[in-house]
A.B. asks: 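Dumping the structure here so I can ask a few things about it.
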Amino acid sequence: MAVPLYQAKAEFFRTLGHPVRIRVLELLQEGPRPVRELLAEIGIEPSNLSQQLAVLRRTRLVTATREGNTVVYALSTPDVAELLRAARRILTDLITDQGALLTELREPDAAGAPGPRAERVTSG
């Protein structure tokens with residue numbers, strides 16, 4: 001029995017639900033990288049990186065090729081980089097909208113008093 005498309009999409013996004021995996025994909029947008037470079041950039045234990053790379057390989061978001069003793073990873077398709085750019089645009093829009101709301105909350109009301117929660121609202 002085939003998996004419904006919505007379920008396949010949910011599984012796909014679950015794969016992207018780990019910060020190390022996202023960071024690996026971001027680094028690979030710049031081009032193929034050997035594992036040692038990924039380790040240096042991300043700064044985690046080799047076993048943890050290996051585990052996350054295995055998930056990305058299994059889901060075919062990245063490819064791995066061996067060059068001598070070195071394994072080099074690359075994005076499997078430029079669409080992965082486009083997805084990351086789209087996520088960045090969406091997050092930028094969301095943060096911009098939140099910033100506008102925060103500004104509005106901090107503005108004094110007609111009587112000059114701060115908004116009811118303005119003193120407790122933070123941007124973080």
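Heads up: numbering here begins at 1 and tracks the sequence.
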A.B. asks: Could you check L91 against R88 for side chain to side chain contact (heavy atoms under 4.5 Å, CB included), going step by step and ending with a plain yes or no?
C.D. replies: CA-CA 5 Å; L91 288 171; R88 186 180 192 100; 5.8 Å; no

A.B. asks: Test I90 against D93 for side chain to side chain contact (heavy atoms under 4.5 Å, CB included), laying out the working first.
C.D. replies: CA-CA 5 Å; I90 291 166; D93 289 347; 5.8 Å; no

A.B. asks: Donor-acceptor pair, distance only, cut-off 3.5 Å: does the side chain of R21 make one with the backbone of L56?
C.D. replies: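 The answer is no, because no donor-acceptor pair under 3.5 Å joins these two groups.
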
A.B. asks: Between S50 and P46, is there a donor-acceptor pair closer than 3.5 Å when you use the side chain of the first and the backbone of the second?
C.D. replies: no

A.B. asks: Would you say L83 and I22 are hydrophobically clustered, going by side-chain heavy atoms of ILVMFWY under 4.5 Å?
C.D. replies: yes

A.B. asks: Any Lys/Arg nitrogen of E82 or R89 sitting under 4.0 Å from an Asp/Glu carboxylate oxygen of the other?
C.D. replies: yes

A.B. asks: Which donor-acceptor pairs under 3.5 Å do side chains of residues 63-76 form with protein atoms, sequence neighbours excluded?
C.D. replies:
residue, atom, partner, partner atom, Å
Y73, OH, R57, NH1, 2.4
S76, OG, R60, O, 2.7
S76, OG, L61, O, 3.1

A.B. asks: Mind checking whether L53 and L38 have side chains closer than 4.5 Å, heavy atoms only?
C.D. replies: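 Answer yes - side chains close enough.
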
A.B. asks: From L102 CG over to E107 CD, what is the distance, rounded to the nearest 0.5 angstrom?
C.D. replies: 10.5 Å

A.B. asks: Nearest 0.5 Å please: distance from the CG atom of L39 over to the CD atom of E37.
C.D. replies: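 Answer rounded to 0.5 Å: 10.5 Å.
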
A.B. asks: Say you draw a straight line from CD of Q52 to CD1 of I44; how long is it, rounded to the nearest 0.5 Å?
C.D. replies: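 Output value for this atom pair is 6.5 Å.
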
A.B. asks: L84, V55: one ILVMFWY side-chain cluster at the under-4.5 Å cut-off?
C.D. replies: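 Different clusters.
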
A.B. asks: Might you work through the side chain to side chain contact (heavy atoms under 4.5 Å, CB included) test for L101 and D97, ending with a clear yes or no?
C.D. replies: CA-CA 6 Å; L101 177 60; D97 290 346; over 6 Å; no

A.B. asks: Give the intermediate values and the outcome of side chain to side chain contact (heavy atoms under 4.5 Å, CB included) for residues R23 and L27.
C.D. replies: CA-CA 6 Å; R23 186 65 184 130; L27 291 169; 3.4 Å; yes

A.B. asks: So, taking the atom named CG in L25 and the one named CG in L16, what distance separates them when rounded to the nearest 0.5 Å?
C.D. replies: 6.5 Å

A.B. asks: Tell me if the CD atom of E30 is crowded by more than 12 foreign heavy atoms within 6.0 Å.
C.D. replies: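 Yes, CD of E30 has more than 12 neighbouring heavy atoms, counting only those of other groups under 6.0 Å.
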
A.B. asks: Out of curiosity, L49 CG to R36 CZ, how far, rounded to the nearest 0.5 Å?
C.D. replies: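 It is 13.5 Å, given to the nearest 0.5 Å.
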
A.B. asks: State the CD-CZ distance between E41 and R33, to the nearest 0.5 angstrom.
C.D. replies: 5.0 Å

